[in-house]
Q: 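First, the structure itself, so that you have it in front of you.
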Amino acid sequence: MKKVVSTFLLALLAWHTSPAQSNQKMDTFIDQLMAKMTVDEKIGQLNLVTGGEATTGTTVSTGVEAKIKNGQIGGIFSMSTPAKIRKTQEIAIKQSRLKIPIIFGMDVIHGYRTVFPIPLGLAATWDMNLIQQSARIAAEEATADGINWAFSPMVDISRDPRWGRISEGAGEDTYLSSRVAEAIVHGFQGDNLAAHNTMIACVKHFALYGAAEGGRDYNSTDMSLHRMYNEYLPPYKAALDAGAGSIMTSFNDINGVPASANKWLMTDVLRKQWGFKGLVVTDYTAVNELTAHGLGDLQQVSALSLNAGVDMDMVGEGFLTTLKKSLDAGRVKIADIDRACRFVLEAKYKLGLFDDPYRYCDEKRAKTVIGSAANHAKAREIAAKSFVLLKNENQVLPLKKTGTVAVIGPLANSGSNMPGTWSVSAELDKTASLVEGMKVVLGNKVNILTHLGSNLLEDPIYQNHATMFGRTIARDSRKEEEIIADALKVAQQSDVVVAALGEASEMSGESSSRSELDIPKNQQNLLKALLATGKPVVLVLFTGRPLTLTWEDAHVPAILNVWFGGTETGKAVADVLFGDVVPSGKITATFPRNVGQIPIYYAHKNTGRPYGNSGDFEKFKSNYLDVSNSPLYPFGYGLSYTTFTYGDIRLDRNTIDEKGTIQASVDISNTGNYDAEETVQLYIQDLVGSVTRPVKELKGFQKIFLKKGEQKTVNFNIKVDDLKFFDNNLNYVAEPGNFKVYIGPNSRDVKEKEFELL
């Protein structure tokens, strides 16, 4: 009873404590602690090392236990389980001089043990509530395993699908990525960071990492400030405005200076313009890599990084080994070491670690929370809603729950690939394959046959690179023709063929850039052979990025893009294929017709000689000789088993002033045979401006549910803030003039109406 009463009183006290009082209490505590710290102990807090459980870089930390005892480690990542983390925390609390607790981080990217769709798939749900729920569940599980810092969300805008890490973000759009970032931060951090089931979010990668030249990871980035402020920076700021407690530097350079040494970015923009008061951490060995960028030796670049505004050095230990020397040499100031140390200590204070360093080490909670049936059920629901129906000629889908289905392809029987890239805590050996999941859902109703069909890739060395970290897919050493011939025998016994093709999970993600984006040639040969049987063929496409599917779109009757759906992929695919769930996903990154169109994105600007909409080549216009300018699938695209009809846009007024609002309304009707969800998208175009403006920009969306035959009116309120942008002087303005509002099911197929800002 005493414990219950004291807990209640503490909660009541916390409720009555104002933010100012709370900050004052924290400041006083940290002031007193830092007064006791030596310079070496302060520098030790800036050192983040790896526990080595997950491979996320090329360097492994050594001598960790001794360094903890000596106060030389502030944080550890890639270590899990309450018992292991408690044991490590006890070294800091019982054997270091000042007993400063350690913060424990992990790459909790799209789930923990229960894995949700890759972030590009999560974004395709266009459901911020579900995305927030996925982050909340991930936080519940990760914190139950002792972890209190998530290196997520990744909010990098990417308009080049050759870049493998497009799979980790929300795609190409500024507005949507900002909303997704907010949802994930709220999911991780909740309302109280000191609660035992919340964790600090870490926004990454600051900044512009998704615009790496040539889509090649770690490469240079070069863009104007105008584009930076209008298109690439907003999602980072949205995540920070949502309360994210930390941010991670990117590997690329910005205006010629690598992010981890870029004082303009880390201090002028982040701290001064945006007022960020959280922790800045580098990416894996990013400080050390400044040497390869050509900025000096380890001591020089470590000093540059600290002076730029970085607080914590991930893995490289340049801060630990050189900052004291630089301080003695006058290259860094004690004030900057104090600043960095304070931000690290504040993060620990906000997590409640000084009050109870073991609050995340509850083995009982770990046993009940992690991988629960409820979490798996939610993962299955979200996965099914992330899938995008790209084509469904003659209503091949949904399939009937009768007869025989052949599931053929290298992704048919690989459970380890279902979680997708950056699922470092997934239990790969316990994840059901596509075939296994389908069998659980369908039971004895459908006879399921299966065959490898083809190797993932023709080149075995390339396949090894594409199936790292336990994601191996078995190879058949026979000639391609023999493998396909065997597969066709299986196909001939079926009523319908499901071709499970595309990328392996590690063909996207970090250091997984691709110069060609076709389905691998040997898989395409299998697909052609399956189509030649005359059987209905459904392509279940696994991918972490937009692919070039021009041939597939022309020849395959049905294409369902399932990304990598996480722990419950197999069951979720069965749910959609057989009609228990109607697909509602919409792509958030444009699918090009070929690699030559890249970069391709919907919010492009017009040229002085804009290309028409006919699709035909026009001399002296901005177009290609050999391909249309239009994408294969536009941003926001995704079909359903039903059909939706959009009425004309109605505006309640035709003008708006600085304080006003215009309501845009449209009637949506479900004119098909299935109850289903639809994402209604609103875009705006600024027709005349002091600088060139995009042809349209997403400014709102609503996901609605309509029963067959039902009609609903969807209303959007357009405010002046929706019309603002950064002008040539980086002033955030809305300029008077004419605008168009577009509403539709995707960025291409829209209704339009015009209004004026007075």
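Not measured: the values here are computed from a predicted model. In what follows, every heavy atom counts, from backbone to side chain, and hydrogens, waters and symmetry copies are set aside.
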Q: Could you tell me which residues satisfy salt bridge (Lys or Arg N to Asp or Glu O under 4.0 Å) with Asp31, sequence neighbours excluded, listed by chain and number?
A: Arg342
Q: Among Asp311, Leu46, Leu48, find the residue that satisfies the side chain to side chain contact (heavy atoms under 4.5 Å, CB included) test when tested with Val281.
A: Leu48
Q: Does NZ or CZ of Arg471 lie under 6.0 Å from the centre of the six-membered ring of Phe564, at an angle within 45° of the ring axis?
A: no
Q: Taking atom NZ of Lys605 as the centre, report whether more than 12 heavy atoms of other residues, nucleotides or ligands fall under 6.0 Å from it.
A: yes
Q: Rounded to the nearest 0.5 Å, how far apart are CG of Asp283 and CG of Asp313?
A: 11.5 Å
Q: How close do Leu353 and Gln89 get, heavy atom to heavy atom, and via which atoms?
A: CD2-NE2, 4.5 Å
Q: Looking at Asp191, I want to see if its CG is surrounded by more than 12 non-hydrogen atoms of other residues, nucleotides or ligands under 6.0 Å.
A: no
Q: With a 4.5 Å limit on heavy-atom distance, are the side chains of Trp264 and Val257 in contact?
A: no
Q: Do Val332 and Ser302 have side-chain heavy atoms sitting under 4.5 Å apart?
A: no
Q: Does Lys99, at its NZ atom, have more than 12 non-hydrogen atoms belonging to other residues, nucleotides or ligands within less than 6.0 Å?
A: yes
Q: Measure the shortest side-chain to side-chain distance between Val691 and Phe726 over non-hydrogen atoms and say whether it is less than 4.5 angstrom.
A: no
Q: Please say whether the positively charged group of Arg179, taken as NZ for Lys or CZ for Arg, lies over the ring of Tyr175, i.e. under 6.0 angstrom from the six-membered ring centre and within 45 degrees of the axis.
A: yes
Q: Could you check Val49, Thr88, Ile91 and say which one makes a side chain to side chain contact (heavy atoms under 4.5 Å, CB included) with Val64?
A: Val49
Q: How are the rings of Tyr218 and Phe251 set relative to one another: parallel (under 30°), tilted (30 to 60°) or perpendicular (over 60°)?
A: perpendicular
Q: Show every donor-acceptor pair shorter than 3.5 Å between a side-chain atom in residues 236-243 and any protein atom, with sequence neighbours excluded, or say none if there are none.
A:
residue, atom, partner, partner atom, Å
Tyr236, OH, Asp156, OD1, 2.7
Tyr236, OH, His205, O, 2.9
Tyr236, OH, Leu208, N, 2.9
Lys237, NZ, Asp241, OD2, 2.9

Q: So Met248 and Met314, do their side chains get closer than 4.5 Å, heavy atoms only?
A: yes
Q: Would you sort out whether Tyr732 and Tyr229 count as a side-chain contact (heavy atoms from CB on, under 4.5 Å), showing the intermediate values?
A: CA-CA 10 Å; Tyr732 194 52; Tyr229 273 78; over 6 Å; no
Q: Over all heavy atoms of both residues, which pair between Phe354 and Pro101 is shortest? Give the atoms and the distance, please.
A: CE2-CD, 3.4 Å
Q: Whether the Gln72 and Asp40 side chains hold a donor-acceptor pair (N or O, under 3.5 Å, no angle test) is what I'd like checked.
A: no
Q: By the salt bridge (charged side-chain N to carboxylate O under 4.0 Å, His left out) test, which pairs, at least two apart or in different chains, include something from residues 199-225?
A: Asp107-Lys204
Q: Could you tell me if the side chain of Glu41 sits less than 4.5 Å from the side chain of Ile100, heavy atoms only?
A: no
Q: Taking the side chain as every heavy atom from C-beta outward, state whether Met507 and Ser512 have any pair of such atoms under 4.5 Å apart.
A: no
Q: Give the C-alpha distance, both sets of side-chain angles, the deciding distance and a yes or no for ring-ring contact (aromatic ring centres under 6.0 Å, His included) between Phe77 and Phe151.
A: CA-CA 10 Å; Phe77 73 98; Phe151 299 135; 5.6 Å; yes
Q: Side chains of Gln189 and Ile200: does their closest heavy-atom pair fall under 4.5 Å?
A: yes
Q: Are the aromatic rings of Phe29 and Tyr349 close, with centres under 6.0 Å apart?
A: yes
Q: Are Glu182 and Gln132 close enough that some pair of their side-chain heavy atoms sits under 4.5 Å apart?
A: no
